[in-house]
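Notes follow the structure.
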Number of protein chains: 2
Amino acid sequence: MKEKYMISSTKFVVKKLKSFIDLTDNEISTFSSMPSRLITLSAGREIVHEGQRAHNAFILLDGWVASYKLLPDGTRQIIDFQIPGDFLGLRSLLLRTSDHSFEAITEITIAEVSAQNIKSTFAKSPRLASAILWAASRDEAMVVEHLVNIGRRSAIVRTAHFLLELGIRLNLIGVGTKNSYPCPLSQYLLADALGLSAIHINRVLRQLREQNLMTFQKGIVHFDNLEKLIELADFQVGYLDQDEPIIRNDTGHTGH
Amino acid sequence: MKEKYMISSTKFVVKKLKSFIDLTDNEISTFSSMPSRLITLSAGREIVHEGQRAHNAFILLDGWVASYKLLPDGTRQIIDFQIPGDFLGLRSLLLRTSDHSFEAITEITIAEVSAQNIKSTFAKSPRLASAILWAASRDEAMVVEHLVNIGRRSAIVRTAHFLLELGIRLNLIGVGTKNSYPCPLSQYLLADALGLSAIHINRVLRQLREQNLMTFQKGIVHFDNLEKLIELADFQVGYLDQDEPIIRNDTGHTGH
DNA sequence: CGCCGTCTTGAAGATTCTCAACACCAGTGG
DNA sequence: CCACTGGTGTTGAGAATCTTCAAGACGGCG
């Protein structure tokens, strides 16, 4: 019965991975049967990750998470939000990474997977490994996009861009529609992600509303005029789309 | 004689890699003998990279490069600067990455290496592969740090932080001293990297000078009061140091 | 010499922040 | 049932930060 639960609860991850590489049923079951420990955490809890040395990673099965860095003056910068299907701490397992904290925004369910099990799963199925690495590298590309967003775009463009990006990501895992999605983020969280104050976020959202471009109220993001919004936000879908990697199911280590 | 030239001109890369993993002479010569095409470009030239599909990468042997993204309003955000020993386009070879442009800031010498040759070199020497991947992943960590820098730090702290980081990076390849280094960046370039206007950069540099913290004039960065500057900038050395990766000379594909 | 890129400074203006106050709602305990 | 509380959203007013426009200085280089 645990098995059954796993299969149903990995649906978001599987959907996401499939959007990158069309996995076979066999590969999917290899993935779903990866030994893991299910953990449920309530909103506001921190996901402890004991630095870079932790020999495990987490798959976010349900709920939303924020990864962030605290600054000495008490402010914080949210690096990115994780939605169902995303990995937590995978990068710090594979590569060096600036260590940051994770906080549950909603109640969440995560599956803890040991580095050892990830390695053996990668060995069992190179195409699966490729899909996972490819998904992880998309997250890297998003960080660069956020850098551009915060560095050079005005508050209104920045906000629009960010909420559009979230919409695309949610679409990939089958949540929401083209014009609307549920969003549990408070204006404070949005502010910390966009490098703005919550009060200014509020004003910006009002502007977007008054210009009939989009609304974000009561936990629902709705795009009223998607076309004009994409134009305003200078939104390029390129960095989120499903192109194939150049070096696929081996990164060069195995030679040929 | 090309061989000989290569050996001398790879000294920065070797120095950098050695700071991550103590490579043997054998491994170093494997690296230095990697077939490559030397290219010299004058300042201001763009390094053409034909999108993500390019089956090659570059090693920056000498000079400085900026990687950046242009925005439709003509402004740009510089993602990072590359200094001698850094790789260009390696990530887009291994992983997906938001594609950006490269521009030579000074006259530069780069070595073009094909994906094929990188793969076979990685196969020949796993420890070398590990060192290179580890170096590349440090650059990822820096992007996150830049995000925090731009998102949540004031102009003066941001500038100080960035110039300190550059100093550490240059020290790793044996350029400059603890308190001083040559820096070919114009105030315009610095502005585009920090998400500020060049005029404001100028004022910020003056403030730093007037507070006897540091100077940046005539192409020389000098730290007058390193300790106070590090405190002001909230600078953590952690993400640049030389810790070992968790998964070393294989990323999991080869099993164990 | 003249030109161009860079640095510098002033002044005005735009964007964004901080402080403060209030509305709303869900939950909680009396 | 109601008062209280804490989290969130909203709005106003003033202040700080940063940008834009404008002008001039300096140095390298054709």
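Here is the naming used below: chain letters follow the sequence lines, and residue numbers restart at 1 for every chain.
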Could you give the CZ-to-P distance, from A:R152 to C:dT16, as a whole number of Å? 13 Å
Would you mind reading off the distance between B:L194 atom CG and D:dT19 atom C1', rounded to a whole angstrom? 15 Å
B:Q207 has an atom CD; how far is it from atom P of C:dT8, in whole Å? 14 Å
Report the nucleotide, chosen from C:dT16, D:dT8, D:dT19, that has the shortest atom-to-atom distance to any side-chain atom of A:S186. D:dT8
Value in whole Å for how far the C1' atom of C:dC7 lies from CG of B:L185: 15 Å
How many Å lie between CZ on B:F216 and C1' on C:dT8, as a whole number? 15 Å
Base, sugar-phosphate, or nothing for B:G195, non-hydrogen atoms under 4.0 angstrom? sugar-phosphate
Determine the contact category for B:A155: base if any of its heavy atoms lies under 4.0 Å from a base atom, sugar-phosphate if only primed atoms, P, OP1 or OP2 are that close, otherwise nothing. sugar-phosphate
In whole Å, what is the span from the CD1 atom of B:I150 to the C1' atom of D:dC18? 14 Å
Would you mind telling me which of C:dT9, D:dG9, C:dC17 lies closest to the side-chain atoms of A:N202? D:dG9
So, is A:R206 near the phosphate of D:dT10, with a side-chain N or O under 4.0 Å from OP1 or OP2? no
Any base atoms under 4.0 Å from B:R203, or only sugar-phosphate, or nothing? Heavy atoms, all strands. base
At less than 4.0 Å, is any side-chain N or O atom of B:Q187 found next to OP1 or OP2 of C:dT8? Yes or no. yes
Between protein and nucleotides 20-28 of chain C, what N or O pairs are separated by less than 3.5 Å?
none

Using whole Å, report how far NE2 of A:H200 lies from P of D:dT17. 16 Å
If I take atom CZ in residue A:R158 and atom C1' in nucleotide C:dC17, what distance separates them, rounded to the nearest angstrom? 13 Å
